[in-house]
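Data first, discussion second: the structure below is written as structure tokens.
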Amino acid sequence: MGRGGVALARVAVVVRAGAAPLWWLGLLAAALGAVLPVSLTGRRIGLLAGAALFIVAAAVVSGARRRRYTHFAGAASRAAKADFLQDRAVTVRTWRRARRWWLLLAFVAAAGSSFALPGAGGLLMAGAGVGLRLKAAWLGRTERAADALLWVRTDWVPRGAPVGGAVRGFRTTGPGAGDAAPGGARRR
């Protein structure tokens, strides 16, 4: 008996959707903190702490849950002909709309933390954005090596975690499917 069609979103696009807002809002918060005239620790200490947090956040975010991604990629089943492949723009827009208040709250917290450590909170946010971009690039290399694109059911990722608890597996298509290149970037 055949499977019914479901909506599928690219795994790399879901991962990459948060990279740009975190990066730009983080840089803006760091810039606001760097121009702040008064702080508890001083501009130099705050920016040095922020640089360290940037590196740590990028490493932690890019390496988080890689074993689960690898497991799902290895056990992925072929997408059915009736499955609907969601556009890259729709996936990104859905992810960002669902998290716009969290992004705004994170920006306010990062900018507010500049009174204690100038720029540190913003650089932490920017590091998380870089980590997501690195993870999407790693997924792109995985897709190129397997010569297949990884997809996840949209009803399994309501919170935007492509390997969250509700996700039971990935599906694959050929490398020409969809409108996003391996790694989630726009096709040229």
*Got a sec, which residues hit side-chain hydrogen bond (donor to acceptor under 3.5 Å, both in side chains) with Ser114, two or more places apart in sequence or on another chain?*
none
*Counterpart residues, side-chain hydrogen bond (donor to acceptor under 3.5 Å, both in side chains), relative to Asp155 (two or more places apart)*: Arg153
Check side-chain contact (heavy atoms from CB on, under 4.5 Å) between [X] and all other residues, then give those that pass, not counting sequence neighbours.
X: Ala137; value: Arg141
X: Arg88; value: Val13, Arg16, Val92, Asp179, Ala180, Arg186
X: Thr41; value: Ile45, Leu117, Pro118

Could you state whether [X] and [Y] fall into the same hydrophobic cluster, counting links through intermediate Ile, Leu, Val, Met, Phe, Trp or Tyr residues with side-chain heavy atoms under 4.5 angstrom apart?
X: Val157; Y: Val90; value: no
X: Val163; Y: Val11; value: yes
X: Leu134; Y: Ile55; value: yes
X: Leu123; Y: Val61; value: no
X: Trp156; Y: Leu139; value: yes

*What's the verdict on side-chain contact (heavy atoms from CB on, under 4.5 Å) for Leu22 and Leu103, showing C-alpha distance, side-chain angles and the deciding distance?*
CA-CA 7 Å; Leu22 285 171; Leu103 290 168; 3.8 Å; yes
Would you say the side-chain atoms of [X] pair up with the backbone N or O of [Y], donor to acceptor, closer than 3.5 Å?
X: Gln86; Y: Thr154; result: no
X: Arg96; Y: Ala17; result: yes
X: Asp83; Y: Ala80; result: yes
X: Arg66; Y: Ser62; result: yes

At their closest point, which heavy atom of [X] faces which heavy atom of [Y], and how far apart are they?
X: Gly183; Y: Glu143; result: N-OE1, 3.2 Å
X: Pro162; Y: Val15; result: CG-CG2, 3.7 Å
X: Gly184; Y: Ala12; result: N-CB, 3.6 Å
X: Ala29; Y: Ala111; result: CB-N, 3.9 Å

Against the six-membered ring of [Y], is [X] placed for a cation-pi contact (under 6.0 Å from the centre, within 45° of the normal)?
X: Arg97; Y: Trp95; result: no
X: Arg133; Y: Trp23; result: no
X: Arg171; Y: Trp151; result: no

*For Thr173, which of Leu150, Leu85, Leu8 qualifies under side chain to side chain contact (heavy atoms under 4.5 Å, CB included)?*
Leu85
*List the steps, then state whether side-chain contact (heavy atoms from CB on, under 4.5 Å) holds for Phe107 with Leu32.*
CA-CA 11 Å; Phe107 171 73; Leu32 290 174; 3.9 Å; yes
*To the nearest 0.5 Å, what is the distance between OG1 (Thr94) and CZ (Arg99)?*
9.5 Å
*Would a 4.5 Å heavy-atom cut-off, applied to side chains only, mark Thr172 and Ser77 as touching?*
no
*Would a 4.5 Å heavy-atom cut-off, applied to side chains only, mark Pro182 and Leu149 as touching?*
yes
*ring pair (Phe, Tyr, Trp, His ring centres under 6.0 Å) partners of residues 42-72, not counting sequence neighbours, each pair once*: Phe72-Phe170
